[in-house]
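Only one structure is covered here, and it is reproduced in the block below.
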Amino acid sequence: MMLRRPAAIQQINALGKSHTPFLFFTDFLGTSAFVCPLDQLQKHNITYAFGDQASSHSKPNFAFSKQPLLREEFALAFRYVVDQINFGNSYLVNLTVKTPITTNLSLQEIYAVSKAKYKLRYQDQFVFFSPETFVKIEDGHIYSYPMKGTLDAAVPNARQQLLNDPKETAEHVTIVDLIRNDLSQIAEKVAVTKFRFITEVQTHEKTLLQVSSEIRGQLPQDYHSRLGTLLFKLLPAGSISGAPKKETVQIIANAETYERGFYTGICGVYDGQNLDSGVMIRFIEKENNQLYYKSGGGITSFSNEASEYQEVIDKIYIPC
């Protein structure tokens, strides 16, 4: 059921304390959340799959088109964000846009054909298929895998370009430092255990390269009974807000022309012992029978307007 933040924290804490398996997802700011024991999930018309699940069936000839916002519209938001960064109000801002799309697939069919590490369909309202982990909790340790840096794999020397790009490097270093600081609020012995490794994401249009790192910390012994408290301290997710977080969230509110809602929230499953959660990106939502795809990217002082505009368009895809 949908709960406000205090009730969601209390419910997750109670389920964790009793080691009851459950699913949850939150909105961007963590002000509202859905929390439900797994044995009661069926009545809510939700389907989900975590862990590089293959699509349940294929429909290779589906139609899909996008109507990106005009470059001039994107430029207004982009230049505002860059000005705020140059004024010293932020180092990194995740700027997102909302794009109308057209397809012959229903949300259930989009869910079925997509392949991603984290995917979920909520009723006939939204579906997402995300490659990005928020946090994992295993045997008393918490892990995060911030993902920053994207490039078309077909670009000549794409891997070298991606790893050597000053803007992408600065963006990734900033977000790794932010997530390390976030985890230090709730865990001890926090360290970066893997730095800037590349993974491939196959879309219906092309192959994309994306850069991630791994950060690990040790949780307190009573973490099961404090799962909700600990998780909500980390919201909003640093990789889809920016740094410093409080000031950057205000910049986002001023720059973006729509409400994110559950887009860029987090979604997770607790199995009674361990927890796996993802960032709700690659997100399609239905509003008044129109489908919208929400996508974005990180902006730093090194960012190029044309490249950032192309990146938010490239991220409008179905991974299959």
**Message:** Would Q84 and N89 count as a side chain to side chain donor-acceptor pair (under 3.5 Å) here? Give the steps.
**Reply:** CA-CA 5 Å; Q84 292 300 308; N89 296 326; 2.8 Å; yes
Original post:
If only atom types and distance count, is the side chain of N13 paired as donor or acceptor with the main-chain N or O of T229 below 3.5 Å?
Top reply: yes
Mind listing the side-chain donor-acceptor pairs of residues 74-82 below 3.5 Å, one per line with the distance, residues two or more places apart or on another chain?
from : atom 1 : to   : atom 2 : distance (Å)
R79  : NE     : E305 : OE1    : 3.0
R79  : NH2    : E305 : OE1    : 3.1
Y80  : OH     : N254 : ND2    : 3.1

For F197, the other hydrophobic cluster members (4.5 Å side-chain criterion, sorted by chain and number) are Y143, Y145
Query raised in the report: Which class fits the ring pair H19 and H224: parallel under 30°, tilted 30 to 60°, perpendicular over 60°?
Result: tilted
Subject >> E214 and T193: side chain donor to acceptor below 3.5 Å >> reply: yes
When F34, Y122, F128 are each screened for side chain to side chain contact (heavy atoms under 4.5 Å, CB included) with C267, the one that passes is F128
* To do: For the residue pair H172 and F195, categorise the inter-ring angle as parallel (less than 30°), tilted (30 to 60°) or perpendicular (more than 60°).
  => perpendicular
With sequence neighbours left out, the residues meeting side-chain hydrogen bond (donor to acceptor under 3.5 Å, both in side chains) with S277 are none
In short, salt bridge (Lys or Arg N to Asp or Glu O under 4.0 Å) pairs touching residues 224-236 with sequence neighbours left out are D222-R226
Within the side chain of D152, is there an N or O that forms a donor-acceptor pair under 3.5 Å with the backbone of L208? no
- Query: Would you say the side-chain atoms of T248 and Y91 include a donor-acceptor pair closer than 3.5 Å?
  - Reply: no
Notebook entry, point to check: Is there a donor-acceptor contact under 3.5 Å from the side chain of K66 to the main chain of I313?
Noted result: yes
Residue pairs meeting ring-ring contact (aromatic ring centres under 6.0 Å, His included), one or both in residues 234-264, sequence neighbours left out, come to F25-F262, F126-F262, Y263-F283
For K245 and D182 the tightest heavy-atom approach is NZ-OD2, 2.8 Å
| said: Can you confirm whether more than 12 heavy atoms, excluding those of E259, are under 6.0 Å from its CD atom? | reply: no
Rounding to 0.5 Å, atoms CG (L107) and CD1 (I284) come to a distance of 7.5 Å
For residues 261-286, the salt bridge (Lys or Arg N to Asp or Glu O under 4.0 Å) pairs (sequence neighbours left out) are D124-K286, E285-K294
Here the pair of heavy atoms bringing G297 nearest to V312 is N-CG1, 4.2 Å
